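See structure below.
As the structure is a computational prediction, the values presented were derived from the model and not from experiment. Because only heavy atoms are used, hydrogens play no part in the values below, and waters and symmetry mates are left out as well, while side chains stay in.
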Amino acid sequence: MPSFDRRTLLMGLGALAGMTAEPSFSATSRPTQGGLKFGPAHSFSFEALKGRARALASRPYRGTSSPAAAIIQGIDFDKVQKIRFRPEDALWRGQAAASYPVSFFHLNKYSRDPVTIFTLDGASGAMTAREIVYSADYFDYGASGLDPRALGQLGFAGFRANDGQDNPSDWLAFQGASYFRTAGQDDQYGASARGLALNTALATPEEFPRFSQFWLAQSGEQLTIYALLEGPSVTGAYKFDCARSNGVAMDVHCDLFFRGAPERLGIAPLTSMYWYGENQRDRAADWRPEIHDSDGLAIWNGKGERIWRPLINPPRLLTNAFADQSPRGFGLIQRDRDFSNYQDDGAFYNKRPGIWVEPKGDWGAGAVELVEIPTRDEVDDNIVAYWRPQVPVKSGDALSFDYRLSWQNEEPGYPADLARVVATRIGRAGIPGATEWPANARKFSLDFEGGALANMAVRFDIKPIVTASSGTASGAYVTKVVGTNRWRALFDVPVDGKAPVDLRCYLRLGDKTLSETWIYQYFA
């Protein structure tokens, strides 16, 4: 499976500051505030959207074709950076009841498929929708060299929510297939989410269903987004309730209808980038010490165990499944938030938000799956995580899911008495400074922080409980790092290079567990 090119999603973000039938629009749309043009009003409800998605799933899939495809193909990275959406044309601009004006993305060679966007008015029980009619007049083409007269019927590539009425920066964006993301707590984009993952990391091509239509409503500081998902194997009706609180919280509901039977279904998929970190210094081709949007997969499983799996840049495409029953949460997290460990004052990897998925209701049996794809650069989103239900999907199936996405620096609700893993380092086995060291073995050094360890005085009876898929760990001990509140577990593990070694470790004092469980896959 090819990795997802980050430019597909980043395009434009840096450059900018009753539905039983398709509604028809008159040739003369009426202008309103901000210069936007709208189609005639028609009723809308989520139940109608759900019914439409169900009806579409009973018919063959019809893909979309981009208007002016040749022109769009020529709008490359440099040109799209020179196209600006006019802020005075933003939806809800100047409206006191709306906190976040919405701007729109221009089509380009990386986001070629147009989407239809509607605005909603009225209470949830009696909403009225009007299409936001596309016009090239909404954009300033500046030095791009493009002729707006040839771009009049393109359509939008997506949309973004601004930080405020007079603030050109943004905190949320939907663009490209079913991808979306927010700026989290530190106003910095990073990892992304998407509506659905189908056949990820299989020998057959991955399917990317897309949000083809959006309906937008705003009440105070809550932005509600409805979306129609369409793809060869599936259709879906989505609702996102988005609010800014200690980062961004999204309550997501989706109804899915399958016209096909995808081999691998991924619910609440997350996408990120990991090139190298302190655990893979041999991959550090760049001068910067570390480069990643996320440094680990966190899991809170149905049995209540907290798990931390540091990400790796593997030698080959790698898929790991963490079997579970009724998961409580999982996410891709950036725990290392120290600027000195990145030294990047442009990308600000230390500010990248984590994304935590909290299932609502019982998701039953399945697995959190982690896909890691080899990469040689930071432009590839090479990490994917999602929930895979145990029961295979059949054509004609209908499924519903509810979950919350939390875009913030740490996993929400992490237990106050449990230490976290904050660093994983690997080196040669044996004693530092020795003239000889064990062959075919590696030393692992894990730093833990917080929980019951936070204010604990130096002691020497904390034990690292280590297991390995091959061989037995030796020389294991725990020590407090001088001058800090960190505690370090060290142990040696035999490796022969013939197969990856799967490792587990947690800290214990007597019969009390002090930390989450660290899981790692090491390739010699």
Side-chain angles (χ1 to χ4, degrees), residues 184-186 246-247 277-279 290 292 294-311 322 324 326-338 340-341 350 352-359 368 370 385 404 406-426 443-468 473 476-491 503-520:
Q185 285 176 257
D186 292 332
N246 192 30
E278 79 273 355
N279 57 318
E290 300 183 36
H292 46 76
S294 309
D295 54 11
L297 169 67
I299 298 174
W300 186 15
N301 66 23
K303 295 180 179 179
E305 183 182 21
R306 293 276 185 166
I307 294 171
W308 177 251
R309 163 57 157 79
L311 299 177
F322 303 88
D324 200 2
S326 305
R328 303 185 188 186
F330 67 92
L332 294 175
I333 310 296
Q334 184 81 309
R335 280 193 177 168
D336 188 343
R337 313 201 71 81
D338 186 344
S340 64
N341 292 334
N350 57 300
R352 302 293 169 116
I355 314 177
W356 180 256
V357 180
E358 178 188 349
V368 174
L370 173 65
R404 167 167 283 199
S406 296
W407 306 70
Q408 56 190 59
N409 294 349
E410 298 178 350
E411 310 97 290
Y414 190 88
D417 62 345
L418 203 64
R420 308 169 190 253
V421 179
V422 293
T424 299
R425 299 181 179 90
I426 304 168
K443 183 179 294 295
F444 289 81
S445 172
L446 317 181
D447 283 1
F448 293 82
E449 191 174 70
L453 296 175
N455 298 306
M456 189 178 290
V458 175
R459 58 192 302 163
F460 302 98
D461 52 350
I462 297 175
K463 304 295 183 184
I465 309 303
V466 184
T467 57
Y477 68 97
V478 176
T479 182
K480 189 172 186 179
V481 181
V482 175
T484 75
N485 277 324
R486 290 190 174 190
W487 292 72
R488 182 165 293 163
L490 299 104
F491 51 89
L503 299 163
R504 293 173 64 95
C505 177
Y506 68 94
L507 303 186
R508 192 169 69 192
L509 178 60
D511 59 357
K512 180 178 175 57
T513 297
L514 299 179
S515 75
E516 65 185 352
T517 301
W518 170 88
I519 295 178
Y520 199 75

How long is the gap from [atom1] on [X] to [atom2] on [Y], to the nearest 0.5 Å?
X	Y	atom1	atom2	value
Tyr506	Leu514	OH	CG	10.0 Å
Tyr414	Trp300	OH	CH2	11.0 Å
Glu305	Ile519	CD	CD1	6.5 Å
Leu297	Leu311	CG	CG	7.0 Å
Thr517	Ile465	OG1	CD1	10.5 Å
Asn301	Phe322	CG	CZ	11.0 Å

Between [X] and [Y], which heavy-atom pair has the shortest distance, and what is it?
X	Y	result
Lys480	Val458	CD-CG2, 4.0 Å
Tyr477	Thr479	CE1-CG2, 4.2 Å
Phe491	Ala473	CD1-CB, 4.3 Å
Ala476	Pro464	CB-CG, 3.7 Å
Trp518	Pro310	NE1-CG, 3.5 Å
Cys505	Val466	SG-CG2, 3.9 Å

Going by the salt bridge (Lys or Arg N to Asp or Glu O under 4.0 Å) test, which pairs reach into residues 511-520, not counting sequence neighbours? Arg335-Glu516
Answer whether the closest heavy-atom distance between the side chains of [X] and [Y] falls below 4.5 Å.
X	Y	answer
Asp338	Asn350	no
Phe448	Trp308	no
Val478	Lys463	no
Val368	Ile307	no
Ile333	Glu411	yes
Arg425	Arg488	yes
Ile299	Arg309	no
Glu358	Pro412	no

Side chain [X], main chain [Y], donor-acceptor under 3.5 Å:
X	Y	result
Asp324	Gly302	yes
Ser406	Trp356	no
Asp295	Asp336	yes

Between the side chains of Glu410 and Arg420, is the shortest nitrogen-to-carboxylate-oxygen separation below 4.0 Å, so that they form an ion pair? yes
Hey, are Arg486 and Glu449 close enough for a salt bridge, meaning a charged N less than 4.0 Å from a carboxylate O? yes
Starting from the C-alpha separation in whole Å, work towards a yes-or-no answer on side-chain contact (heavy atoms from CB on, under 4.5 Å) for Thr484 and Asp447. CA-CA 11 Å; Thr484 75; Asp447 283 1; over 6 Å; no
Does the plane of the ring in Tyr520 sit parallel, tilted or perpendicular to the ring in Phe444? Use 30° and 60° as the thresholds.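 The rings of Tyr520 and Phe444 stand perpendicular, inter-plane angle above 60°.
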Trace of the side-chain contact (heavy atoms from CB on, under 4.5 Å) decision for Ile355 with Leu332: CA-CA 6 Å; Ile355 314 177; Leu332 294 175; 5.6 Å; no
Side chains of Gln334 and Asn409 only: does a donor on one sit below 3.5 Å from an acceptor on the other?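 No pair is found: no donor N or O on one side chain lies under 3.5 Å from an acceptor on the other.
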